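Here's the structure, in structure tokens; my notes come after.
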Amino acid sequence: MLDIHWVREHQGEVAENLVRRRDEKLKRSFSALIHHDEEWRRLKREIDDLRKRRNEISKEIDSLKRAGTDASQALAEAKAIPGRVQELEKAAAEHQQQSHRYSMHLPNLLDPTVPFGRDSTDNEVVKTWGKPSKSTGTLKPHGEFLQEAGLADFTRGTKISGAGFYFLLGELALLEQALARFALDFLAKKGFTVVQPPYMISRAAYEGVTDLVDFERVMYKVEGHDLFLIATSEHAICSMFRDEILEEDKLPIKLAGLSPCFRKEIGAHGVDTRGLFRVHQFNKVEQFVFCRPEDSPKIHAELLANAEALFQKLGLPYRVVLICTGDIGAVAAKKYDLEAWMPREQAYKEAISCSNCTSYQAVRSNIKFRKKGSLDKAYVHTLNSTAIATSRALRAIVENFTDEKGRIQIPKPLQAYMGGLTEIKPAKPL
RNA sequence: GCGGAGAUGGCGGAAUCUGGUAAACGCACUCGCCUCGAGAGCGAGAGCCCGCAAGGGCGCGUGGGUUCAAAUCCCACUCUCCGCGCCA
């Protein structure tokens, strides 16, 4: 969400931004927003004037009564006001609601460096690291391999919970824990505070962090409660500081979230349907930062560097893409994806998403900071980046590091978390 | 889940019974004056909304109701504390 005060003064810039997104619908929403905002302000003025008059008369009535004088004339005038106020308030509330609704749909201002494009095929490759392995033509889909190797059970996961659910078994389940712990230890050393957030949050908290369409498409609703399962710890962590004014010298606040992520993501995905790539539940270590506006570009680069460092330490080949205007979504002003090399598909696939959300979430969640030595307040900037989404990292490890005998080589930095184990051998399926 | 008490600025707290337009009093904070400097003292300020401003409106956990007028009365909800129950 954009700050409405700012929008009133910078309508041209907002319109330009929408042109870059090439979205006619948004342009109409924007003029509707301006219209309702103006109407609301006009009515508010009228209502305030009426209230002023009512307050004056109320005072008169008070003093008349205290003096023991007849107040019936003043009372008669006063009685007429609340009804009129109520009428106008109804109209004003309607306009305010509409203006709020439209502003909730307005996307963030894009950073000027975001490339113009239609969809993910127009994203710009900015870096490639590591040597992508050539296809041997013998690799099985990782889901099939893990099922046969007794390291995961997709069949029974589907049986009890439906497609997109799975059991991790034995050493693969331990490797999943190792990955998460590896990422957390790395971030803790970088000054991040580790956070285990609530896994369910209320609608109001949720509206502060994400686009409204996510409620239908992505999030699971808990029946009978005002609660949604989090789709990432980013959501819980951002709303953690909702309606707060932070002190400038506490910034930047760097947090490393650890949580399961629950996503509906309806629809079939071909070869990815069975396996760990696209699932309804996975664990993720997330980087999240609240900072001063002037620091967010620098911190954005840091978060990406952290994500890259983790993949480099694991030895997983990847490339970094800068997401284009058509693929970036409503929340981020600028976004990089880190795509890991997946040998079986001979393709880079999204493993990490790293966004500078500027003040978009801060406005929605009302998170400000007080400038040092003054009473001035401004919205913070928020940034988030995956550190490790364990499900996708596991797939990358399995595909990149399994030898012809079906043994998965454990990346060096994870071995310490696996009691010194260097490889995972296939087991008998349960 | 049951019973009791409560929710007011950054904090402690007053006004609630008896409706009359909130933050008295104290602490902390910001700016200014005064000081060589610090402190003390004095003055102003300190939430949100509309307005270029002057000014006005709103705001006492949330939502509704009664009233010319609600922190105060009524209803529902949320949360906190105490006790009991249940529980990994």
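Worth saying up front: this structure is predicted, and the values here are computed from it rather than measured. First the proteins, then the strands, lettered A, B, ... as listed; each starts at 1. The figures that follow rest on heavy atoms only: side chains count, while hydrogens, waters and symmetry mates do not.
In a base pair of the Watson-Crick type (N1 to N3 plus N6-O4 or O6-N4) or a G-U wobble (N1-O2 and O6-N3), with each distance short of 3.5 Å, B/G59 is matched with no nucleotide. Base pairing of B/U78: its partner is B/A7, meeting the Watson-Crick or G-U wobble criterion (both donor-acceptor distances under 3.5 Å). B/G20 and B/C68 make up a base pair, with Watson-Crick or G-U wobble contacts both under 3.5 Å. Of all nucleotides present, none satisfies the Watson-Crick or G-U wobble test against B/G51 with each distance under 3.5 Å. Across all strands shown, the partner of B/G41 is B/C33, judged by Watson-Crick or G-U wobble contacts whose two distances both fall under 3.5 Å. Base pairing annotation: B/A28 forms no Watson-Crick or G-U wobble pair, as no partner gives both donor-acceptor distances under 3.5 Å.
In this structure, A/Arg392 satisfies the cation-pi test against A/Phe277, with its NZ or CZ atom closer than 6.0 Å to the six-membered ring centre and inside 45 degrees of the ring normal. A/Phe145 does not carry A/Lys140 over the face of its six-membered ring by the limits of under 6.0 Å from the centre and within 45° of the normal. Geometrically, A/Arg274 does not engage A/Phe154 in a cation-pi contact, judged by NZ or CZ lying under 6.0 Å from the ring centre and within 45° of the ring axis.
Taking atom C1' on both nucleotides, B/A40 is separated from B/G59 by 36 Å, rounded to a whole Å. Taking the P atom of each, B/G3 and B/G19 are spaced 30 Å apart, rounded to whole Å. Only the C1' atoms considered, B/A22 is 36 Å distant from B/C2, to the nearest whole Å. For the P atoms, the distance linking B/G65 with B/A54 amounts to 34 Å, nearest Å. Only the P atoms considered, B/C33 is 22 Å distant from B/G47, to the nearest whole Å. Nucleotides B/A15 and B/A23, compared at atom C1', are 9 Å apart to the nearest Å. Distance check on atom C1': B/U21 versus B/G37 gives 47 Å, rounded to whole Å. Of the C1' atoms belonging to B/U67 and B/A14, the separation is 25 Å, rounded to the nearest Å.
A salt bridge between A/Arg41 and A/Glu46 is absent, with no side-chain N of the basic residue lying under 4.0 Å from a carboxylate O of the acidic one.
Residue-to-nucleotide proximity on RNA chain B shows that, of A/Ser58 and A/Ile61, the 5′-proximal contact is made by A/Ser58.
To the nearest angstrom, P of B/A70 lies 13 Å from CG of A/Asp62. Atom P of nucleotide B/A46 and atom CZ of A/Arg370 are separated by 12 Å, given to the nearest angstrom. Note: CD (A/Gln96) to C1' (B/C49) measures 9 Å, nearest angstrom.
The number of heavy atoms from other shown groups lying within 6.0 Å of CD (A/Gln86) does not exceed 12.
Scanning for ring pair (Phe, Tyr, Trp, His ring centres under 6.0 Å) contacts around A/Phe182 gives an empty result, with sequence neighbours left out. Scored by the ring pair (Phe, Tyr, Trp, His ring centres under 6.0 Å) test, A/Tyr336 finds A/His300 as partners (sequence neighbours excluded).
The six-membered or imidazole ring of A/Phe241 lies near that of A/Phe290, with a centre-to-centre distance under 6.0 Å.
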Where along nucleotides 50-66 of chain B does protein come under 4.0 Å, by heavy atom, of base (B) or sugar-phosphate alone (S), with - for untouched nucleotides? SS-B--BSS--------
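Base orientation at B/G9 is syn, since its O4'-C1' glycosidic dihedral falls within 90° of 0.
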